[in-house]
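Structure first, then comments.
The first residue of the sequence shown is numbered 1, and numbering continues consecutively from there.
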Amino acid sequence: MTFDIITIFPNIFDSYLKESILARAQKNGLVEINIHNLRDYTSDTHRTVDDSPYGGGVGMVMMAEPLYRAINDIRAAPRNDTRIILLTPRGKRFTQRDAQRLTQYDQIILIAGRYEGIDERVAEFVDEQISIGDFVLSGGELPALAVVEAASRLIPGVLGKDESSREESFSDENSSEYPQYTRPEIFITDDKKELKVPEILLSGNHAEIAKWRKSKRKQPTKRPQPPS
């Protein structure tokens with residue numbers, strides 16, 4: 001599976017893609033991740049990728065022409081085997097189901113936007129628009145990495161044990177991942193509070209442990225609530 005990311009800050013990706021799971025996946029030939037500098041697809045001396053918006057307004061807008069050229073040059077697979085995605089706050093919320101869906105394609109092209117937005121005409125050249133949450137970032141580079149990792153983890157062989165990807169949170173939309181514990185058996189805080197591992201996990205009874213884990217998966221994950 002190939003991921004092609006279009007960005008104006010290609011160096012942002014260097015360290016993340018050279019570590020951990022994605023580094024191993026690339027080394028083992030399970031995924032290919034290519035970073036493309038959008039400025040390479042400009043036609044002027046200054047390698048311009050943005051301009052002021054028609055109608056006025058604050059900030060700059062990414063131009064359609066360089067992105068159009070980049071997409072046409074990068075697309076390697078037939079259209080039905082390639083998915084072109086624009087990362088934007090206006091897009092559909094990205095979910096685990098979307099990550100699973102994307103694994104059916106041979107090539108994923110991700111456009112990381114910047115500035116105040118992207119010329120709306122770019123929507124004519126993409127298959128879908130994705131957001132990773134209801135908040136604003138400086139650009140689409142982090143969302144692009146999130147999509148790449150979420151989809152890559154589902155490719156057989158990328159994780160040490162394929163069961164890991166099937167058992168993680170959100171793989172089953174009706175449950176969350178069960179609680180995990182490791183050593184020490186009893187953790188004592190500075191104020192002498194004892195935090196213990198549930199006894200069932202120490203029992204050695206794998207059938208009962210499996211039952212306990214299943215019951216805990218049925219409980220929705222409790223998320224800390226912001227102060228009112």
Side-chain angles (χ1 to χ4, degrees), residues 1-14 16-17 21-23 25-26 30-42 49-50 60-156 158 165 168-171 173:
M1 185 174 185
T2 301
F3 296 93
D4 289 279
I5 303 174
I6 303 173
T7 175
I8 61 171
F9 294 111
N11 294 334
I12 282 179
F13 299 90
D14 287 350
Y16 197 86
L17 296 179
I21 292 170
L22 292 179
Q26 293 176 85
L30 298 171
V31 301
E32 178 181 340
I33 305 173
N34 304 308
I35 309 301
H36 306 271
N37 190 339
L38 181 60
R39 297 190 187 280
D40 292 339
Y41 296 93
T42 57
V49 296
D50 64 299
M60 303 294 279
V61 175
M62 293 186 74
M63 302 162 67
E65 187 175 7
L67 285 168
Y68 176 72
R69 290 177 176 174
I71 291 169
N72 284 343
D73 182 67
I74 294 166
R75 186 191 294 122
R79 187 61 189 256
N80 60 333
D81 293 327
T82 298
R83 196 70 174 168
I84 304 170
I85 299 171
L86 173 63
L87 287 313
T88 169
R90 295 172 56 190
K92 172 185 174 293
R93 178 75 68 87
F94 184 66
T95 68
Q96 184 70 7
R97 178 174 290 180
D98 291 314
Q100 293 168 339
R101 173 175 57 83
L102 293 181
T103 61
Q104 68 182 297
Y105 295 98
D106 295 330
Q107 181 187 33
I108 304 293
I109 298 176
L110 298 161
I111 302 172
R114 279 274 163 174
Y115 307 120
E116 292 302 312
I118 295 178
D119 189 310
E120 187 65 21
R121 289 169 290 187
V122 172
E124 298 291 326
F125 319 134
V126 305
D127 298 308
E128 61 183 294
Q129 301 184 41
I130 281 179
S131 166
I132 63 167
D134 297 332
F135 49 87
V136 178
L137 298 172
S138 297
E141 286 77 16
L142 285 175
L145 281 172
V147 171
V148 169
E149 179 158 334
S152 295
R153 293 172 64 87
L154 300 174
I155 297 172
V158 168
S165 62
E168 287 178 336
S169 301
F170 310 117
S171 290
E173 293 186 355

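Defined by atom type and a distance below 3.5 Å, a donor-acceptor pair is present between the side-chain atoms of Glu141 and Thr7.
Pairing each heavy atom of Ile6 with each of Leu67, the nearest pair is CG2-CD2, 4.0 Å. In terms of heavy-atom proximity, His36 sits nearest to Tyr41 at ND1-OH, 4.1 Å. Nearest approach of Ala112 to Gly140, heavy atoms of both residues: CB-C, 3.5 Å.
Enclosure of atom CZ in Phe125 by more than 12 non-hydrogen atoms of other residues, nucleotides or ligands within 6.0 angstrom is indicated. The 12-atom threshold is not exceeded at CZ of Arg121, counting heavy atoms of other residues, nucleotides or ligands nearer than 6.0 Å. The environment of OH in Tyr115 is crowded: more than 12 heavy-atom neighbours from other residues, nucleotides or ligands sit within 6.0 Å.
In terms of modelled atom types and a separation under 3.5 Å, the side chain of Asn72 and the main chain of Arg69 share no donor-acceptor contact. Proximity of a side-chain donor or acceptor of Glu65 to a complementary backbone N or O of Val49 within less than 3.5 Å is not detected. No donor-acceptor distance shorter than 3.5 angstrom exists from the side chain of Glu149 to the backbone of Leu145, with no hydrogens or angles considered. Side chain of Gln107 to backbone of Ile74: a donor-acceptor contact under 3.5 angstrom is found.
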Is there a salt bridge (Lys or Arg N to Asp or Glu O under 4.0 Å) between Asp98 and Lys92? Walk through the geometry before answering. CA-CA 10 Å; Asp98 291 314; Lys92 172 185 174 293; 2.8 Å; yes

Please test Arg83 against Glu128 for salt bridge (Lys or Arg N to Asp or Glu O under 4.0 Å), starting from the C-alpha separation and ending with a verdict. CA-CA 8 Å; Arg83 196 70 174 168; Glu128 61 183 294; 2.7 Å; yes

Pair Val148, Leu110 - check side chain to side chain contact (heavy atoms under 4.5 Å, CB included), show working. CA-CA 9 Å; Val148 169; Leu110 298 161; 3.6 Å; yes

Begin from the C-alpha positions of Asn34 and Glu32 and carry the test side chain to side chain donor-acceptor pair (under 3.5 Å) through to its verdict. CA-CA 7 Å; Asn34 304 308; Glu32 178 181 340; 3.1 Å; yes

Check the pair Asp134 / Arg93 against salt bridge (Lys or Arg N to Asp or Glu O under 4.0 Å), numbers first and verdict last. CA-CA 8 Å; Asp134 297 332; Arg93 178 75 68 87; 2.7 Å; yes

Which is it for Gln104 and Leu102 under the side chain to side chain contact (heavy atoms under 4.5 Å, CB included) test, yes or no, and what are the steps along the way? CA-CA 5 Å; Gln104 68 182 297; Leu102 293 181; over 6 Å; no

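Here the side chains of Val158 and Ile21 are in contact, with some heavy-atom distance below 4.5 Å. Taking 4.5 Å as the limit, every side-chain heavy atom of Asp119 sits out of range of all side-chain heavy atoms of Met62. Side-chain atoms of Ile111 and Val126, non-hydrogen and from C-beta on, do get closer than 4.5 Å to each other. Side-chain contact between Ile85 and Ile108 is present, with at least one heavy-atom pair separated by less than 4.5 Å. You'll find the side chain of Phe3 reaches within 4.5 Å of the side chain of Val31, heavy atoms only. Side-chain atoms of Ile84 and Ile71, non-hydrogen and from C-beta on, do get closer than 4.5 Å to each other.
Between atom OG1 of residue Thr82 and atom CG of residue Asp127 there is a gap of 8.5 Å, rounded to the nearest 0.5 Å. How far CZ of Phe9 is from CG of Leu38: 11.0 Å, rounded to the nearest 0.5 Å. Here OG1 of Thr2 is found 10.0 Å from CD1 of Ile109. Values are rounded to the nearest 0.5 Å. Residue Ile33 holds its CD1 atom at 5.5 Å from OG of Ser152, rounded to the nearest 0.5 Å.
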